[in-house]
Amino acid sequence: MKTHILGFPSIGKFRELKQALESFWKGELSEEALFEKSVELKKRHWSVQKNAGLDYVVTGDFSLYDRALDLTFAIGAIAPRFAPLANANALERYFAMARGDAKRNIAAMEMTKWFDTNYHYIAPEINASAQWTPNAHPIVEDTRLAKSLGFNPKPALIGPFTYLTLARSIGEADKYSTLDRLVEFYAALIKTLSDSSDLVQIEEPILCAETLPSRAAKRFGEVYATLKAAAGGKAKLALTTYFGSLGDHLERAAQSGCDYLHIDLARGEAQLDDVLRSLPNETALSLGLVNGRNIWKTDYSKALKLIEKAVSKLGEDRVAIASSCSLAHCPVDLDEERALPKSIKDRMAFAAQKCAEITELRDIFVRGDKAALAANQAAFENAAKEADIYNAAVRDRAAKVTPDMLNRRSPYEKRREAQSVLNLPLLPTTTIGSFPQTAAIRKVRLAYKKGEVSEAEYIAAIKRETQDCVEKQERLGLDVFAHGESERNDMVEYFGQQLGGFCFTQNGWVQSYGSRCVKPPVIYGDVYRKAPMTIDWITYAQSLTKKPMKGMLTGPITILCWSFVREDLERSEVCKQIALAIRDEVLDLEKAGVRVIQIDEAALREGMPLNANDAQQYLRWAIDSFRLAASGVEDKTQIHTHMCYSEFNSILEWIAKMDADVISIESSRSGMALLSAFADFNYPSEVGPGVYDIHSPRVPSIEEIAELLRKALLHIPKERLWVNPDCGLKTRGWEEAYNSLENMVAAAKIVRAELSRA
Ligand code: GLN
Ligand code: ZN
């Protein structure tokens with residue numbers, strides 16, 4: 001039985017890649033040094049896999065920014081706006097595509113969530129009538145390097161169907177009409193790779209997502225036959241699926257002609273029987289048993305039953321044991337955690353430990369290692385006994401939630417009248433909440449964490465920042481203020497730290513995009529609010545201005561989706577517990593005189609399961625949780641919500657059901673395309689489509705923003721249109737943030753004037 005993983009995190013156990021990238025971008029690190037650092041990381045990660053006893057190490061999982069971008073760059077499908085960089089060096093061009101080029105005023109490529117994960121990939125832009133000029137793909141060198149160092153490399157590529165389906169179509173022609181050219185590219189690459197590897201992983205998670213159109217799907221078998229031929233019998237191909245069950249694509253995947261089919265049994269356990277029935281005799285099955293999406297140990301007894309089932313049908317030679325998906329979605333090394341409660345840590349496994357779990361499972365199965373099995377079971381049992389996992393008061397309160405607790409007192413139209421006390425102009429301007437997290441803020445927070453400054457000093461420093469931020473908004477002339485969130489390291493962690501049932505890792509970082517990482521909190525027990533969480537900061541900020549100050553909260557769905565969640569309680573129940581805690585905070589804010597409360601649900605869309613049935617169920621309880629959190633307030637209290645980087649169209653009905661008074665959303669990069677959906681749907685309340693992209697340092701011009709607002713007004717009645725950036729500004733510097741907002745306010749004024757003349 002072969003053992004392998006689908007990918008290892010690139011970032012490094014202490015985020016070494018992040019540091020190297022950011023120094024490089026600042027010009028403090030040379031290109032050579034950046035490459036040296038990445039080689040060091042790759043070697044380290046291959047060693048982890050080899051030392052764990054896995055049969056392969058993965059190449060092509062490591063990227064300086066994003067794997068989808070690596071492919072786009074190698075294919076040479078580069079949008080014309082990057083033409084001014086034609087003579088720049090490869091790395092500069094690559095990073096310009098990822099991050100935009102401020103100097104040349106070129107916008108970055110669009111970034112969006114990788115399926116239902118919190119990882120963002122750079123969406124390919126495919127113009128079917130454009131020429132492609134291929135570049136070298138780093139996977140080739142990496143595979144050679146691994147081989148030369150004595151590792152057994154398995155190169156991993158995003159498959160052509162997934163790549164094309166995730167691409168944006170630019171221009172008239174259908175993006176799928178490039179399939180032949182694309183397959184030619186893949187075939188050449190696979191041919192090269194098969195010189196230094198005997199197995200190539202081709203990932204088609206799109207097969208688990210129900211979004212592959214039939215005109216593409218019907219070419220699947222033929223394309224894979226071409227790829228197989230390209231490998232020329234030298235390398236085997238592993239058709240790799242994950243993030244769910246194959247569903248309707250099962251036959252297609254089983255009949256691909258690839259040597260292996262990999263399936264995700266963490267997300268799609270129920271598909272095993274069907275897959276075993278469909279698998280042709282010559283195909284081997286890779287069982288994705290070790291969950292790449294969580295931080296918990298694998299339940300061995302459960303996994304062994306699945307191995308047993310597969311082996312009894314296929315025989316040991318035709319079964320491989322693997323991670324369910326790439327381990328890039330979990331942190332790197334649990335051994336670096338020194339502060340977790342023992343009973344909780346004993347239940348955990350990060351990427352390095354998951355590698356070891358895979359070979360341990362094989363050993364238990366093949367050699368019947370009883371002690372390892374017993375130790376695994378004991379870890380689960382001990383945690384249940386020792387940690388404060390069960391809280392009777394929380395369970396009782398959740399059980400007593402009644403339907404009326406999910407409803408505002410009056411419908412939107414009535415609330416709108418009550419909210420006129422806010423006295424806002426047409427096209428009110430606001431921000432999404434956070435303002436630049438300056439070096440000074442980070443420094444004082446670190447010093448406070450290390451015990452070098454007192455709590456009083458820390459609070460005084462953050463208060464100064466807040467005051468500065470309020471003064472700047474005053475000067476900018478925004479209409480609804482935010483306090484800037486400078487006391488928050490992260491919008492979920494900040495709340496998790498104040499809630500019961502959460503614990504934190506020291507180094508549990510997971511890449512979110514490029515050099516950015518998040519350190520998700522861990523929900524291990526019942527969740528409850530210990531004390532008010534935001535009231536002091538918001539009331540302090542409100543005391544500095546007469547403008548309405550928004551109370552800023554992270555919503556229950558986002559807290560759930562951006563945490564690592566216990567697996568011994570339904571997600572819907574965990575979400576409800578969080579919602580009750582947030583509800584208490586909302587009511588306390590209202591009591592403290594806060595008139596506008598924003599409950600961010602940035603993660604709603606990405607948390608949606610890929611399968612349609614599961615998605616409906618999820619939306620039902622997720623939206624109920626939001627309503628439970630938001631609905632306790634009086635009519636005159638204005639509830640905002642915010643969502644970023646989401647595909648909304650298919651769930652607008654659910655977003656409307658959230659019944660927020662105002663929603664702010666990402667939309668500038670799609671040129672407001674999203675809004676026609678809001679108009680068609682007749683979205684009932686107020687909308688703030690983001691008017692500029694905060695992921696780029698580029699300062700948008702007044703006219704550019706005004707034009708977007710005019711476009712938005714074609715879809716949204718002027719009484720219901722808000723003006724705001726796409727998302728929070730914490731990753732930006734003050735200069736660009738200030739200048740952008742200044743232009744935004746100016747644009748709002750221009751368009752307001754046009755409206756009053758009309
Ligand atoms: N209020 C948060 C901020 O401004 C929202 C961030 C988000 O949507 N990701 O940073
Ligand atoms: Zn956002």
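Remember, it's a predicted structure, so these values are computed and weren't measured experimentally. Every number for a ligand or one of its atoms is a count from 1 in the order of the listing.
- A side chain to side chain donor-acceptor pair (under 3.5 Å) with D661 is found for exactly one of Q638, R720, Q419, H640, namely Q419.
- Within a 6.0 Å sphere centred on CD of E719, other residues, nucleotides and ligands contribute more than 12 heavy atoms.
- Expressed to the nearest 10°, the angle at the Zn ion (ligand 2) joining NE2 in H642 with SG in C644 is 120°.
- A distance limit of 4.0 angstrom between heavy atoms and ligand 1 selects the residues I432, G433, S434, E485, M491, M552, D600, A602, H642, C644, C727, G728.
- By the 4.0 Å N-to-carboxylate-O rule, K472 lies close enough to D468 to be salt-bridged with it.
- At least one side-chain heavy atom of W654 sits under 4.5 Å from a side-chain heavy atom of Q616.
- Applying the ring-ring contact (aromatic ring centres under 6.0 Å, His included) criterion to F678, with sequence neighbours excluded, gives Y683.
- Classified by interplanar angle (parallel below 30°, tilted 30° to 60°, perpendicular above 60°), the ring pair Y448/Y458 is parallel.
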